[in-house]
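Report on one structure; see the data block that follows.
The structure presented is a predicted model; accordingly, all values stated were derived computationally and were not measured.
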Amino acid sequence: MVQFAAKLRANKVSKWEEDYIDYESFKRLIKRIAKVLKSQREHAGAGYYSSDGGTDTDDHPPNTSEDETSMLPTAEHQQLLPTSGDGHQRTNHYGTLDDSSVEDFDFDLIGEFDSRIESEAERIQDFYANHLNECKFQIKELQANRVGSRLLGKNSKESQKNMDINERNLQSQRERVKKESIRWALVEVYRRLNQLHSFTILNYTGFVKITKKYDKATGLKRKQELMKKVHKFRSGFCDAPELLEQLGIVESIVADMFYNSNVVQARSELLAKHIVPSSWEMMHTGMRLGIMIVLCLWVLWNAVTEISLFPDSDGIPSEIIQVYRGIGVFLLCFWCWTAAVYFWNTARVNYTYLFEFDPRHQYQLEGLLNKSSSLTIIYLSNILIYYKVRRGEFYGLDKVNANYLPLLMMIIALIIMIFPLQETSEIYLVISRIIAAPKYEVTFYSAFVADIMTSLVRPMVDFSYSFCFYLGGYWRQYFTKAPGEDIERCQDLFWFSRVFIPLVIALPLFFRFLQNIRRYHDTHKRQPHLLNALKYALAYILVLFGAVYPSLQHRDNEKVEQYHRLFPVLWALTFAASTLFTYYWDVYIDWGLGCKGQKMLRQQRMFSKTSFYYFAIVSDLFLRFSWCVTLLPGLSTFFGADYYLTAILSVVEVFRRTIWLLIRVEYEHLYNSQGYRRVEYIPLHFQAPPSDKIQPKNAVIVELSIFVILVLTISGMAFFQEPP
């Protein structure tokens with residue numbers, strides 16, 4: 001979990017950087033106070049002290065409670081220190097302080113902290129008030145211009161009757177220009193108001209965090225008293241009611257002038273962020289996409305000609321299909337994440353703040369595009385070379401060598417998934433906390449990742465089969481066997497196909513079930529956590545039914561036959577109940593949609609196209625059924641489906657989950673729907689952290705040269721191949 005100081009740096013408006021709360025200065029002052037307190041307590045023979053310096057958690061020292069008397073700096077407050085009754089000894093939960101140590105106690109630092117809190121709050125309030133007044137003045141001026149343009153429009157319509165066509169066109173053009181200039185001025189004011197709102201949110205959150213850190217480091221339970229100095233400005237920067245009112249005024253003006261009084265559409269357009277990449281970035285990305293398209297068409301051509309040119313061939317082994325299918329689906333997930341980051345940035349959804357990402361170690365959009373395209377080029381090149389070697393079109397290479405290429409692709413995929421550790425360690429830390437769900441507090445990000453894991457069960461199954469195939473040595477037996485010879489395969493192992501694989505599929509659902517139980521324990525709220533746990537329990541039962549049924553199909557037993565007749569009915573009912581309940585949860589709880597007074601949507605939205613929300617509502621119903629189908633271990637046995645249908649269902653589920661996460665994160669940004677954070681509002685995504693370095697032109701030229709050489713080499717080997 002990234003500390004608030006890093007989040008503050010990443011979300012600051014650059015032009016106001018010096019006007020935010022001096023968070024680092026407060027931290028240094030807290031360390032000084034804690035050091036003095038530690039010295040005094042050691043001098044008094046204290047038996048306990050916490051020297052962790054304070055963190056952004058709600059932990060308290062042992063044997064303490066929120067209502068214990070605070071140790072405060074003034075003479076009046078000194079009288080509140082717990083006494084033993086004789087007036088000569090004062091104790092607190094840290095140990096014993098005699099009269100001499102109380103006299104020597106340095107209350108000046110604590111008084112300095114109090115005055116700093118108060119002065120910082122006053123400074124921030126002055127900054128907020130000045131900028132808000134400037135925005136209010138600009139809005140009044142624009143309102144006056146708007147009224148003037150209306151009157152001018154009425155007068156011009158009457159005067160246009162006496163004008164010729166050229167004069168009328170010129171007059172209309174002037175009116176359009178003036179109206180457009182008012183629009184852009186309103187957009188700029190709206191942007192400034194939102195930046196000011198983000199400024200207030202970050203500063204208020206900073207005061208909450210620093211007072212909590214003060215309590216943790218010093219043991220003086222004074223957070224409520226210190227926050228009273230900040231709450232003097234509740235009608236100012238704390239709650240910012242005037243600012244929110246001005247935002248509503250601008251939205252109403254823009255809606256009336258340009259969007260037929262549709263405030264929701266006006267708000268979405270006002271917030272839209274137009275990303276204009278540089279010409280070199282566009283050229284670099286276009287080059288990579290062009291390479292990907294060429295390779296993709298080449299691979300498809302080889303797949304189609306495989307049947308016509310080699311009619312006697314058995315086709316690509318199912319184990320090889322599983323290797324490439326699993327890697328391909330994970331690669332598609334990477335592309336979908338890149339697309340989600342783009343749409344969140346465009347709508348100013350502050351996903352980095354919600355997920356508590358460390359901005360120093362995360363990929364920005366350019367970095368994601370570069371990595372996604374590079375992985376795709378490697379993946380498609382590996383498949384293409386596999387086809388060529390398998391057909392004997394690579395001069396000097398035996399066909400058997402083709403079987404090493406999927407293994408090489410697996411190794412490359414694992415290396416990319418693990419390294420660089422600085423960027424991947426965070427996701428693996430979250431996954432470890434998901435696995436130990438009851439032990440750790442559930443954050444929005446950990447719940448989000450666990451939800452995504454439930455959609456990736458099929459790729460995880462493919463990876464499991466691939467590991468078993470290669471690590472178990474079955475691949476050598478499979479490719480060296482004589483025609484018609486039967487060998488043992490991973491699918492034939494009972495412990496693997498009937499124990500391990502069902503666990504791989506069911507455990508993500510079980511982890512989400514445990515997370516919801518933990519959330520209920522922490523919040524004591526049955527709704528929504530117990531109902532959400534029930535949702536995952538139903539899906540878990542569905543998986544168990546699917547795991548048990550295939551193993552009973554081949555048994556001759558009267559009871560088993562009765563179960564065989566009863567199972568389809570039980571399974572269908574469970575399937576329908578789980579899917580419909582999950583669909584209801586997606587739309588009404590995770591997305592906050594379905595409000596009758598808002599045309600089945602909701603009042604506040606950040607994506608400008610309402611059709612996107614309607615498409616999500618309709619498509620989620622149908623795609624949810626395909627998700628349940630992918631959960632079944634006996635899919636090919638029970639439904640008669642082949643490997644290609646499994647690939648299609650896996651891809652469809654990835655797209656469904658991408659739509660889900662786009663709206664889920666947007667809804668959490670707006671409403672804090674399930675109480676994952678303590679501060680209601682979060683800043684909009686205005687200023688992104690420093691982006692990854694774009695590759696220099698020389699690196700791009702090298703990449704292009706390598707690709708051209710690779711294409712020419714493969715083509716040349718195929719062309720000059722001697723006939724058998």
Side-chain angles (χ1 to χ4, degrees), residues 1-7 10 52-60 209 212-213 216 330 333-334 337 340-341 350-363 414 416-457 459-460 463-464 503-525 528-530 532-537 539-540 543 590 657 660-661 664-665 668-669 672-679 682:
M1 182 184 296
V2 65
Q3 292 185 349
F4 176 75
K7 294 167 69 174
D52 59 1
T55 59
D56 293 340
T57 64
D58 290 330
D59 300 329
H60 302 286
K209 295 288 187 181
K212 184 165 61 175
K213 187 180 288 289
K216 179 68 183 293
F330 276 110
C333 292
F334 209 102
W337 176 257
V341 168
N350 202 341
Y351 68 97
T352 58
Y353 195 97
L354 284 170
F355 294 149
E356 301 189 36
F357 284 160
D358 189 338
R360 297 167 298 178
H361 299 152
Q362 70 167 106
Y363 277 108
L414 288 173
I416 292 172
M417 290 171 64
I418 296 174
F419 300 101
L421 289 173
Q422 192 178 34
E423 293 161 1
T424 60
S425 58
E426 188 171 351
I427 183 66
Y428 291 118
L429 176 63
V430 170
I431 292 174
S432 67
R433 293 189 174 187
I434 291 171
I435 295 173
K439 181 179 179 181
Y440 295 100
E441 180 184 3
V442 181
T443 63
F444 175 68
Y445 184 48
S446 63
F448 179 84
V449 172
D451 273 321
I452 292 177
M453 287 173 63
T454 62
S455 292
L456 298 179
V457 290
M460 288 191 286
F463 261 92
S464 300
L503 284 177
V504 170
I505 297 175
L507 281 178
L509 299 168
F510 185 66
F511 294 149
R512 280 298 286 133
F513 171 79
L514 292 179
Q515 282 185 329
N516 282 283
I517 296 299
R518 173 61 192 259
R519 286 287 291 165
Y520 173 58
H521 173 270
D522 292 343
T523 63
H524 306 289
K525 294 180 180 178
H529 306 303
L530 282 186
N532 204 13
L534 175 62
K535 179 186 75 172
Y536 288 103
Y540 183 77
V543 171
D590 286 345
R657 180 59 71 178
W660 177 89
L661 64 87
R664 177 69 187 96
V665 175
E668 185 67 19
H669 177 110
N672 188 22
S673 58
Q674 297 186 24
Y676 282 105
R677 60 182 188 273
R678 295 178 180 85
V679 179
I682 67 171

Among Arg519, Arg518, Lys525, salt bridge (Lys or Arg N to Asp or Glu O under 4.0 Å) partner for Asp522: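 Between Asp522 and the candidates, salt bridge (Lys or Arg N to Asp or Glu O under 4.0 Å) is satisfied uniquely by Arg518.
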Between atom [atom1] of [X] and atom [atom2] of [Y], what is the distance when rounded to the nearest 0.5 Å?
| X | Y | atom1 | atom2 | result |
| --- | --- | --- | --- | --- |
| Met417 | Tyr428 | CE | OH | 4.5 Å |
| Arg433 | Leu429 | CZ | CG | 4.5 Å |
| Phe355 | Ile427 | CZ | CD1 | 9.5 Å |
| Tyr353 | Glu668 | OH | CD | 12.5 Å |
| Thr443 | Ile434 | OG1 | CD1 | 8.0 Å |
| His529 | His524 | NE2 | NE2 | 11.0 Å |

If you define the side chain from C-beta out and look only at heavy atoms, does anything of [X] sit under 4.5 Å from [Y]?
| X | Y | answer |
| --- | --- | --- |
| Val665 | His669 | no |
| Phe448 | Leu661 | yes |
| Asn516 | Leu530 | no |
| Tyr445 | Glu356 | no |
| Met460 | Pro508 | yes |
| Pro438 | Ile517 | no |

Check: Arg657 main-chain N/O paired with Ser455 side-chain donor or acceptor under 3.5 Å: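 Such a contact is absent between Ser455 side chain and Arg657 backbone.
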Qualifying residues under salt bridge (Lys or Arg N to Asp or Glu O under 4.0 Å), relative to Arg512, sequence neighbours excluded: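 For Arg512, the residues satisfying salt bridge (Lys or Arg N to Asp or Glu O under 4.0 Å) (neighbours in sequence not counted) are Asp451.
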Residues, nucleotides or ligands: over 12 heavy atoms within 6.0 Å of Phe510 CZ: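 No, CZ of Phe510 has 12 or fewer neighbouring heavy atoms, counting only those of other groups under 6.0 Å.
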Steps toward side chain to side chain contact (heavy atoms under 4.5 Å, CB included) verdict (Leu456, Phe330): CA-CA 8 Å; Leu456 298 179; Phe330 276 110; 3.9 Å; yes
Minimum-distance pair of heavy atoms, taken over all atoms of Ala437 and Gln515: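 Reported closest heavy-atom pair: CB-CG, 3.9 Å.
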Residue pair Leu354 / Phe444: nearest heavy atoms and the distance that separates them: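 Shortest heavy-atom contact: O-CD2, 4.1 Å.
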Candidate pair Val341 and Tyr351, rule side chain to side chain contact (heavy atoms under 4.5 Å, CB included), full reasoning: CA-CA 8 Å; Val341 168; Tyr351 68 97; 3.3 Å; yes
Centroid-centroid distance, Phe511 to Tyr536, less than 6.0 Å: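 No, they do not, as the ring centres are separated by 6.0 Å or more.
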